[in-house]
Amino acid sequence: MKTVNIYGPGCKRCEATETMVKDAASRLGIEVEVVKISDAKSIALAGVMSTPGISVDGKLVHTGGLPDTAKLEGWLRA
Amino acid sequence: MTAETHDSAPHRGAPDWLWYVGVPVVGVVLYLLYGRLIPISEWVTALFPVARNSHSGEAIAFFVYDVPKVLLLLTGIVFVTGVLRSWFSPEKTRAILAGKRQVWGYPLASLLGVLTPFCSCSSVPLFIGFVSAGIPLGVTFSFLIAGPMVGPVGLGLLYGLVGWEIATIYLVFGFTIATVAGFVLGRMGLERYLQDWVRELNAGPVGDLPQEQLTLVDRLKIGVEQVREIVGKVWIWVLVGIGIGAAIHGYVPEEMMLRIMGGEAWWSVPAAVVVGVPMYTNAAGVIPIVEALLGKGAALGTTLAFMMSVIALSLPEMIILKQVLKLQLIAIFIAVVAAGILATGFLFNVLM
């Protein structure tokens with residue numbers, strides 16, 4: 001079970017990122033819990049300056065724009 | 001990425017060579033199409049049952065010529081900018097600006113504001129990221145003003161629709177306003193007007209992402225992704241803007257335009273700012289209107305002031321910034337930027 005945090009104020013790209021994470025997880029057969037963090041303070045405290053940002057099990061792996069599918073699978077597998 | 005070839009997942013997309021061939025081919029096709037727009041649009045206009053030199057004929061010709069022209073230009077500009085900006089990121093920009101307390105931090109921030117990929121929906125995390133890294137408030141403002149004001153979309157469309165002279169004037173003055181307004185705001189000691197929780201965050205964490213190595217194909221993909229996202233979002237504004245431009249072009253009499261926006265009346269510049277600020281559109285929507293206004297003889301200063309206030313000062317952006325700035329600071333921010341825009345407007349009305 002991995003916890004994936006998605007940092008973003010709730011724009012379209014954040015929702016698209018959430019879908020991508022869930023799709024990738026089900027393709028890989030990995031169980032994930034997706035947590036959306038939309039509060040500006042928490043986003044900033046996580047060190048995210050451009051949204052959407054993604055962290056896997058507390059480790060920030062991506063900020064700014066939609067993630068690349070291949071890289072996303074890599075982060076989930078790691 | 002040697003494992004790439006073993007992966008048969010269909011979502012992986014086109015092979016690299018297709019990108020190297022496809023992008024130039026699409027570029028050439030669009031360029032040739034761009035060169036044929038006048039005959040194509042005249043042919044389309046002739047299909048309408050109106051006289052070519054009537055009001056409606058003029059408006060239709062403006063619309064059917066400008067829509068494909070603006071959309072083609074926009075696609076090209078957004079693609080090129082998307083690729084160029086893939087070398088920049090807010091994290092790198094912050095690292096460059098942190099510790100630049102000297103005066104030239106302001107022009108540098110304005111320059112980076114133009115180059116750094118930035119979406120207004122992340123202006124709050126970006127603002128906090130900058131301020132908590134010790135970047136002075138004024139320098140942060142220079143960045144936040146320059147980003148939207150001197151965006152490549154606006155510049156490219158001005159260049160294509162209105163001409164390089166005015167595009168250059170806009171670039172120079174937009175950049176100057178961002179630099180000077182940031183400097184002035186920095187001197188005013190406004191830190192007390194930050195929202196309390198922002199002031200309490202000291203030396204925030206640095207998002208230490210591993211530097212991603214992007215290949216050229218990755219960068220081309222970013223360009224295409226940007227086109228999909230930005231053109232997909234602003235095309236409706238483009239249609240509305242060109243529709244208004246077409247109506248001005250076809251129906252508004254020149255004498256009336258000269259009376260309202262002719263630059264003789266001193267109040268035309270502040271009026272343009274007052275009208276421009278609450279208007280919520282973007283560069284892609286406003287520049288076809290600017291093109292039509294200038295074509296009808298509106299004064300350059302008044303038109304510049306209108307365009308700058310529409311693009312640089314937008315209400316939704318202010319509402320987003322309300323999360324980190326107290327109302328007083330937002331008011332001061334708007335006042336300082338508006339003063340710069342007014343000065344530019346008056347200057348050009350006097351010079352021209």
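What you see is a predicted model; the values in this text were computed from it and never measured. We name chains A, B, ... by the order of the sequence lines, and we start the count at 1 in each one.
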Original post:
Shortest non-hydrogen contact from G129(B) to M49(A)?
Top reply: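 That would be CA-SD, 3.6 Å.
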
Original post:
What distance do K71(A) atom NZ and D218(B) atom CG have between them, rounded to the nearest 0.5 Å?
Top reply: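 Result: 5.0 Å between the selected atoms.
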
Original post:
What distance separates E225(B) CD from L66(A) CG, expressed to the nearest 0.5 Å?
Top reply: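 Separation between the atoms: 5.5 Å.
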
**OP:** Against chain A, label F127(B) side chain, backbone, both or neither, depending on which of its atoms sit under 4.5 Å from a heavy atom there.
**Re:**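 Interface part for F127(B): neither.
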
Subject >> Pairwise side-chain contact, T51(A) with P125(B), heavy-atom cut-off 4.5 Å (strictly under) >> reply: yes

**OP:** For chain A, find which of V124(B), V324(B), L126(B) contributes the most heavy-atom pairs closer than 4.5 angstrom.
**Re:** L126(B)

Original post:
In this structure, are over 12 heavy atoms from other groups packed under 6.0 Å from W237(B) atom CH2?
Top reply: yes

Can you give each donor-acceptor pair under 3.5 Å made by side-chain atoms of residues 140-151 of chain B, sequence neighbours left out, with the distance rounded to 0.1 Å?
unit_1, atom_1, unit_2, atom_2, d
T140(B), OG1, P136(B), O, 3.1
S142(B), OG, A178(B), O, 2.9

